[in-house]
Structures are given as structure tokens and as C-alpha cells.
Undergrad: 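Starting off with a structure, shown below.
So you know, we letter chains A, B, ... as the sequences are listed, proteins then strands, and number each from 1.
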Amino acid sequence: MKRYEPLTIENKWQEIWRNEQTYAAVDGDNSRPKLYVAEMFPYPSGAGLHVGHVRNFTIVDVVARFYRQQGYNVLRPIGWDTFGLPAENYAIKTGESPKKTTAQNIANFKTQYQRLGMAVDWSREINTSDPEYYHWTQWCFEQLFKTGLAYQKESYQWWCPVDKTVLANEQVEGGKCWRCGSEVEKKKMKQWFFKITDYADQLLEGLDDIDWPTKIKTMQRNWIGRSQGAEIEFKVDGDGQIIKVFTTRPDTLFGATFLVLAPEHRLVNELTTDEQRQSVQEYCRTAIKKSEIERQGDHEKTGVFTGSFVINPATGARMPIWVADYVLAGYGEGAIMAVPAHDQRDYDFAKKYDLPIIKVIDPTDDVNDDDVIDFYSGEGKLINSGDFDGTPTSDAREQIVAWLEEQGIGHSKVTYKMRDWLISRQRYWGAPIPIIHCPHCGNVAVPEEDLPVMLPDIDDYLPSGDGQSPLAKVESWVNTTCPQCGRPAKRETDTMDGYACSSWYLWRYTDAHDDKQAWDPAKVNYWAPLDFYVGGDHAVAHLLYVRFWAKFFAEHGYLNFTEPVKRLLYNGYINAPDGHKMSKSKGNVIDPLDVIDSGYGADTLRTYEMFIGPYELDAAWSTGGIAGVYRFLNRCWNLVQEFLDDQRRAKLDSDTQLELLKVQHIAIKKVTNDLYNAQFNTAVSALMEYLNGLSKLKEHGFDDKMWRQALGDLCQLLAPFAPHIANEMYAEMNGEDSRLDNIEWPKYDEKYLTTDTIKIAIQVNGKLRGDIEVAKDAEQNDVEQLALDQPNVARFTDGKQIVKKIYVPGKILNIVVK
RNA sequence: GGGCGAAUGGCGGAAUUGGUAGACGCUGCAGACUUAAAAUCUGCUGGUAGUAAUACCGUGAGGGUUCAAGUCCCUCUUCGCCCACCA
């Protein structure tokens, strides 16, 4: 009998798929449904793939192969996300150009990809650091620039002192740089932004229509952070200046007893009296310099009085103006009205600095008075609020805003936590921002026909540390002429955040090598939006940015959809056997190629990673578990060999025939439905059950026709998970030229799933007391009689009064006795 | 502090969404083959009692709804993730 040798057959089939270009997708084919599925494209690191990648890619591959076998026109592309810090940091350390190391890493990743048996359309391979690609990243930038959505602004920005670059909010994790982990600082710099805030409401609303995990949707909603409230103007006592504040609780206006400005607020200087000047300046200087981590958390509140006052428009009271760093400059107006009786933070501050506290809300009746000793932030009825006394807080919010509007000193307003997307990077290894700074014309976009602005080759990758990109040192590149006036001008030296490159790559796949446009609208609208997008990272950043760009380009006619991803499969991590994260430093990394080469092969690895648990949960690697999956594939192989080797052919009796058809069709149904529902782990167990069923039936001998069909279906159902062995077994049975990809997915027939008799579970008072075989269409009376005749049922019903009987046809009979 | 989610054998996990809890796999035990081991194959494997049939208990804890609850409702505990001075 021929032995199962995974490495030999895998090599063979990978070559066939390469030569035959089996997995090429056909643009614009309307004769069959299309399916577009992709993983979040990998960053090709020097370390190569790890088993976590394999899980991610295999999910995509299983979906792609399954739908292809269903007759879909499937697009399953791959590309490489190559701009970014790791390659550049490596260059700084070794002097080796990022271009060179990137090329090596891509070659390595590509080989590994092929060795996993991925059904990729290789003609669409893309690489974000290739000028052919970043040409169009720059074009995208210019579309945003033309419409005013890419703009330059001087502001305090996150700055990583180690990587010597600014960072986006999304790249600061717990006050630390997402790349190197060092503590970030605030630095005032002129930076490029994309105005994602213009799309805040659309980004929020779009979440309602997409099939994404609620976890991710919630994170995006939190990130956008929409608050409904009011903007209120306070007049400064004496000089007529106006300070605007944002509040979600306009109903507490009568309880506002002081006003607080963020240290960065533009009026701080002006409003500070001479007596207070020194302390205010000192306070602001240290507060602004303090890192955000120090300003966050449960630290005690600090602040300083400016010496000025505003007038409360509702009460006419003079309210002192303070400066305190618990008020954030970047949110709302950077100023608040403090209502210490009804806000924890204001209360703490008022207590510390002995400021007045006025209660203006009487809590609703069901609130325990003991809970309201200090401050109360819940709902209730207004008190001490003039004409509004007695009004419920929810009504008062509207009425007070209406009153403010009448007075012309306020209006309702919506505020977001989300800030604009900072995209400038003072680094070399990124797409150059295609802008020319002209002393006469200002910021001028590089004409589209001059794109791409090529990234020059350099030797010195070290950032200067003064906030300038290494590109600033390349004078021949920096100095140019203004495309508008022709006079000398300088190029922008910042490069774009890598997330800009990944914000549109899903559309580039549909028209990967077009040198006339970023994408052909006909092609992109045929394929996109994605039916499935698979990843385990970038819950907010990348997944928010692609949505933003989809909305922008849809608005300008380049796309006919506004949500780029219909269904998101967010997969969990693969951890070490002990449950800890795999990491190089711990030395517990499992290399997928080692697993393959140890003799298991890619099919076992793939199938195991699908079987390990629900795809969305983290899972721990188990050496026993993978051995079990190998055993399963080996048993499949041996069964097919036995069938082929056995010269005798048997004629099966009708019961055996029915039993064979039953296990066969149960498997088809279960695997098919599970794959539609992305329940990969239970699909694999259904395959195992199918094999177990077949193994039991083989003792009756092999009926040639029926077994050929049954084993052929096994190959077919197995193919999405273990494509090499499935194709090899199928070819052995049906000839070398047969290809599972050309054969239709098996269909199940309900008539084989039910037999003439079915088992009914019998309960007495809800406890299982036995089961009986009855005809499928048995009458309830007959079932009851049979059940009561069962000795073990009778034991519990004899001598008791039967209260009622509940019969669920085909399932259960519950006899209730007293 | 706020939000989301989870808790089922020795382990990973099943359970058609209210209808026979523990599928499938791992581990373990016993047996077959073998001079022997590995591999392979067969059987058993939630707990307690019993040779067994079977009974009782059992899905984090407590209560409730129901003929019937892992599944629905209330209270609590523990764990995980995300956000966090956002006015």
C-alpha cells in the first residue's frame, strides 16, 4: 500500500497550481457570482511567517476554495505592506537599504506562502514600496488635497524621541510608542493631516449596515466618540471677551460656579491678571511639557486662578476663571463650565480650591439619599434654577438650549473624540508627500503627470532629530521648481504614514498593474466591496481609515460603494502551548515551515489550525492536537488506498447502502453549512465523523460505484482545508488530469438524512428515562403507548397520575406525573 | 470608573438557538499486532454507588420563568479585552 508522503505530493500540486495558474480571477465575469476575500496583507519581516499568520491566511484560503468549488468567480489576492519603521531601523543599524531587505523578505514570504498551498492569484501581487504602487498612493493624497481634506497645521503632536518621528493618536498605546515602546512626548510642529473628522457621522452610521463583530464596531464607536451637547458663550467680566465652552449637561447651567481653561487655551495669556501672571505661566509651562500619561489617571487635580471672571448668563453670578490640566485642549472648546455639585471632576477641584458648590438637581425619588452626599450626576428635577425649577433634567436640556439660542449665546452642538488623522512622518522609508512648497504660490501639488515623486536612494538613513526627515539632507532632491510659477521651490520632505498605503490597496488588487489610474472603476466595482476581510489586528486604525477613504472616493465618483468590507472575520491569536504569547525573547515561537518539514506537511498544519477552536478565539498550540489531525489525514489516505488496492468488489445490501448514503449526506450538509457560517472547527470534526463512519462501513466491502462517490465527496469536502492530499487522492481515483477545482461541490439530499424510523427520547418530569424507535410519521397516541410500555418509563409512571404529555415530533416526549 | 464579552470533563472545545449535555480531537487506561519498541488498529474514558441494568449528582454561585434551561430573566463572583479627567 502506498504511504502518505505529504511533502512529495504538496510539492507536486503547488507546481501544478503555479503552472496552470489555477487560481487566477476573471475580471468582469457576470456569468457567475463573484466573491472577493482577502487577509490584511502582511508586513514581510525578516523573521518570516509564524503560525498566527497561517491561521489568518488559511481562513481566507478555506473561504476562497470553498466558494470557488461552489462555482463562484473568486478573487483571492496577496500583497506586501512594506513601508515603515522596522525596515528603516534595520537600515540604520546595518546600512543596508530598506529596498534590498524588503525584496529579500518578500521573496522569503512568497516562498512560504506557496508552501502553505495558498490559492492565490499571483498576477495581482502588489508591494506598497514599489513606485508602481506609491505613484497612486500619492495620487490619492492629491485627491484629498484638492478637496481640502489634506491640510497642514501647526499643533502639539505626539513625538517619539527614540524613533524620532511624530505619531498618530492611533499609534500611541498607553502613552507609549506602538513600535519601540518608549514614552512619547508632545512637540509643536507643522504637520500634514487628513480631515477624517468630516466623515465622523458617516463612519458612525455605516457601522449599522456591516456584518462586523460587535467588539470592533464598539471600539470604533468609542473611538469616534460622538457627544450630543451644547456650546455656551460666557462673557468675561469687564472686557467683553467671549469664552466658549462645550457641555453635555446644559441643564446644569445654573449650577456652574467657575470656568476652567486648558493650559493650551489661546485666551489664557490675555485673561491672566498681572498678580497671577507668574503662577499661571509657570503652571502652563510645566503642564504642557508633562507627558499625557502624567496628566491622565487618577492624579490629584491641580490648577491656578487667572484673576479674571466670567458672568454666568443664567444667574448673572461672577465665576472665577481657572486654568487646569484636567481640561483637555483638543476636545470641545478646550474650556468647560464647572458644575461641582453634579460632576465628579469639578467637585474634586472645587473641594481642593474651596470654590462654591450649588446644587441644581433634585435626584429622582428612587435614588437613595445616602448616595448623593457629595455630588450627583444622575437625572432628576431642577432646583435653584429660576424659571426652570421643577423641570425634569432631560426636558431642561432642551429648554435651556432653546433659551440660550434666543439670547444668541449658545446652541446645541455635537462633539467628537476623534481627531484628524496625522499622516506626516519625518522618516525616509515611506511614500513622499507630493507637495512642493513655493515661496510665492504656497503649497502646490505635484502635477499628476509628474507622479510618482520617487523616493531617492540615500546612504544615510539616520533622522536628524530636529524634526526633519532624512530626505531633507538630499539637496538635489529637495530643490526643485514650482510647477505653477517656475521659480525655485522646495519639496515636502515628510513621508506618509504607512496606513495611507493600506487605505486603498484592497481596490488596487482589482486592477493591480494599471499605469494610467489607481484603479479601473469598472473592475473595482465588479469585485469590491470585499465579501470577507480577515485579520486579527488594526481594530480601529486601519479599519477606520479604509472606511474613510471608501466614503471619500465614493463621494467623488471613483467607487460605487461606501463601505469597503461587508463581512469582517476577526481571528484570534495562536499562543504557545502554555497559553502565553509566542515571542522571540521567550524562545517559544513555532515556525510553520518547521512544522511542515518535520513531516506533517502543510495540509496537516492548515487543517489543525482550523480545527483548533472557533476562529475568533485565541488558541494555544498543542503538539498532541496536530498529531491527531495528521492521524486523521493519514487515515483518509489509507482508506482511499485500501479502496484502490482491493481487487474484489462487493455488492452491498440495501441497509448498508442506505447507511453509507446517510453518513455521506450528513457530512455534505454539515460541512457545507459550517463553511457558510465560518464554523471551520466543526466542519473539520464533521469530516472526521464522516471518515469514522466510512471506516466502520468498509467491513461490508467496497461497492465500486457507491464508494467511488463517497470517497470523491470526502476529497471534495476536505479540499478547502487540505487541498494537496484531497487533489492527490482524487487524482489517484479518477486519473492524473482530474482537478477538484473543476468539479462541482457535492449537494446533499434530505431524503438520505432521515430514515424510516426515528429515535424519540422519553422523559418523565423532564428526566430522561429511555428512548424508543418509532416510524417517522408515528401518531402521538402510538408513541405515548409505546413509551408507557417501556419498563424503565413505567417504573416512574406506575401508580402516578399523568398530568400531561408534551410531544415534540421527531425529538422528545415528556410525560408529566404527579 | 465606563463599555463589550466570556465561564461546560484532566485539556481544546460541541450542542440544529428552549428539547437526549459532553460531538470531534487530545490525554489516560485496557487489549490486538510485534522478540521488543515506535507506528497502526479495537474498546473504555464527567463524578459517586453498583458485576450490571440503572440511580443520584453535574454546564462559575444563588434565585426565578417553563412540561423542559448550558441556552431566557434577576442578583453575585471570577477572568479577558477595549476605552478612560472626553466636560
Undergrad: Can B:U48 be described as syn, meaning its chi torsion is within 90° of 0, or is it anti?
TA: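 Anti, angle beyond 90° from zero.
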
Undergrad: Using the criterion of both pairing distances under 3.5 Å for Watson-Crick and G-U wobble pairs, give all stems of 3 or more consecutive pairs involving RNA chain B.
TA: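 As far as RNA chain B goes, consecutive pairing (with distances under 3.5 Å) yields the stems B:1-7 with B:77-83, B:10-12 with B:24-26, B:28-32 with B:40-44, B:46-49 with B:54-57, B:60-64 with B:72-76.
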
Undergrad: By nearest heavy atom, map A:S695 and A:Q679 onto RNA chain B; which one lands nearer the 5' end?
TA: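 Taking each residue's closest nucleotide, the earlier one in sequence belongs to A:Q679.
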
Undergrad: Return a single string for nucleotides 20-33 of chain B, one symbol per nucleotide in 5' to 3' order, where B is base contact, S is sugar-phosphate-only contact and - is none, cutoff 4.0 angstrom on heavy atoms.
TA: B--BBSSS------

Undergrad: Determine the interatomic distance between C1' on B:U59 and the same-named atom on B:U20; round to the nearest Å.
TA: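 B:U59 and B:U20 have their C1' atoms separated by 15 Å.
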
Undergrad: Quick check on B:C4: is either OP1 or OP2 less than 4.0 Å from any side-chain nitrogen or oxygen of A:K215?
TA: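 No, A:K215 has no side-chain N/O under 4.0 Å of OP1/OP2 on B:C4.
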
Undergrad: With the threshold set at 4.0 Å, does a side-chain nitrogen-carboxylate oxygen contact exist between A:D208 and A:R221?
TA: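 Looking at A:D208 and A:R221, the cut-off is met.
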
Undergrad: Any donor-acceptor pair, under 3.5 Å, between the side chain of A:N814 and the base of B:C67, if you only look at N and O atoms?
TA: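 Present.
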
Undergrad: Could you tell me how far B:G5 sits from B:A55 if I compare only their P atoms? Round to whole Å.
TA: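 Straight-line distance between the two P atoms is 40 Å.
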
Undergrad: Considering only NZ, NE, NH1 and NH2 on the basic side and carboxylate oxygens on the acidic side, decide whether A:E659 and A:K696 come within less than 4.0 Å.
TA: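 No.
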
Undergrad: For atom C1', what is the distance between B:A39 and B:G50, given to the nearest Å?
TA: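 About 39 Å, rounded to a whole number of Å.
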
Undergrad: Taking O4'-C1'-N9-C4 for purines and O4'-C1'-N1-C2 for pyrimidines, is B:G9 syn (within 90° of 0) or anti?
TA: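 Syn conformation for B:G9.
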
Undergrad: Are A:K359 and A:Y376 in a cation-pi contact, defined as NZ or CZ under 6.0 Å from the six-membered ring centre and within 45° of the axis?
TA: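 So A:K359 doesn't make the cation-pi contact.
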
Undergrad: Between A:W621, A:F680, A:Y600, A:F721, which is the residue that forms a ring-ring contact (aromatic ring centres under 6.0 Å, His included) with A:Y608?
TA: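 Option passing the ring-ring contact (aromatic ring centres under 6.0 Å, His included) with A:Y608: A:W621.
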
Undergrad: To the nearest Å, how far apart are A:W223 CH2 and B:C4 C1'?
TA: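 Answer to the nearest Å: 17 Å.
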
Undergrad: If I pick the C1' atom on B:C56 and the same atom on B:A37, what distance separates them, to the nearest angstrom?
TA: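 Straight-line distance between the two C1' atoms is 45 Å.
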
Undergrad: Are the charged groups of A:E379 and A:R397 less than 4.0 angstrom apart, N to O?
TA: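 Here A:E379 pairs with A:R397 in a salt bridge, since their nearest N and O are under 4.0 Å apart.
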
Undergrad: For A:G770, is there any backbone N or O sitting under 3.5 Å from a side-chain donor or acceptor partner on A:N792?
TA: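 Side chain of A:N792 to backbone of A:G770, a donor-acceptor pair under 3.5 Å: no, none is there.
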
Undergrad: Describe the nucleic acid contact of A:R3 in one word from base, sugar-phosphate, nothing, applying a heavy-atom distance below 4.0 Å.
TA: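 Nothing, no nucleic acid heavy atom in range.
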
Undergrad: Are OP1 or OP2 of B:A87 and a side-chain N or O of A:Y331 less than 4.0 angstrom apart?
TA: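 Checking B:A87 against A:Y331, a side-chain N or O does come within under 4.0 Å of OP1 or OP2.
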
Undergrad: Please report the distance, rounded to the nearest Å, between CG in A:N792 and P in B:A52.
TA: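 In whole Å, B:A52 P and A:N792 CG are 17 Å from each other.
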
Undergrad: Heavy-atom nearest nucleotide on RNA chain B for A:E333 versus A:N765: which residue maps closer to 5'?
TA: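 Nearer the 5' end of the strand: A:N765.
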
Undergrad: Got a salt bridge between A:K805 and A:E784, using NZ or NE/NH1/NH2 to carboxylate O under 4.0 Å?
TA: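 Salt bridge between A:K805 and A:E784, a charged N being under 4.0 Å from a carboxylate O: yes.
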
Undergrad: Distance check, C1' atoms only: B:C72 and B:G10, in whole angstrom units.
TA: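 One C1' to the other, the span is 32 Å.
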
Undergrad: Can a salt bridge be assigned to the pair A:D201 and A:R226 using a cut-off of 4.0 Å between side-chain N and carboxylate O?
TA: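 Salt bridge between A:D201 and A:R226, a charged N being under 4.0 Å from a carboxylate O: yes.
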
Undergrad: State, to 0.1 Å, how close A:T302 and A:K352 come at their nearest heavy-atom pair, and which atoms those are.
TA: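 Closest approach of A:T302 to A:K352: CG2-NZ, 4.1 Å.
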
Undergrad: Would you check if the distance from the ring center of A:Y570 to the ring center of A:W212 is below 6.0 Å?
TA: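 No; A:W212 has its ring centre 6.0 Å or more from that of A:Y570.
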
Undergrad: Between A:I224 (CD1) and B:C83 (C1'), how many Å, whole number?
TA: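 In whole Å, B:C83 C1' and A:I224 CD1 are 14 Å from each other.
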
Undergrad: Rounded to the nearest angstrom, tell me the gap between atom OH in A:Y326 and atom C1' in B:A84.
TA: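 Checked: the OH to C1' distance equals 17 Å.
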
Undergrad: Can a cation-pi geometry be assigned to A:K301 and A:Y326, taking NZ or CZ under 6.0 Å from the six-membered ring centre and within 45° of the ring axis?
TA: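 Yes - A:K301 lies over the ring of A:Y326, closer than 6.0 Å to its centre and within 45° of its axis.
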
Undergrad: Measure from CZ on A:F680 to P on B:A14 and round the result to the nearest Å.
TA: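 These atoms are roughly 13 Å apart.
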
Undergrad: Between A:E333 and A:R266, is there a salt bridge with N-O shorter than 4.0 Å?
TA: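 Not counted as a salt bridge, because no side-chain N and carboxylate O are separated by less than 4.0 Å.
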
Undergrad: Might you list the N or O atoms of the protein lying below 3.5 Å from N or O atoms in nucleotides 56-58 of chain B, with each pair's distance?
TA:
residue: B:C56; atom: OP1; partner: A:R769; partner atom: NH2; Å: 3.2
residue: B:C56; atom: OP2; partner: A:R769; partner atom: NH1; Å: 3.0
residue: B:C57; atom: OP2; partner: A:K767; partner atom: NZ; Å: 2.8

Undergrad: Measure the spacing between CE of A:M337 and CG of A:L253 and express it to the nearest 0.5 Å.
TA: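 CG of A:L253 is found 5.0 Å from CE of A:M337.
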
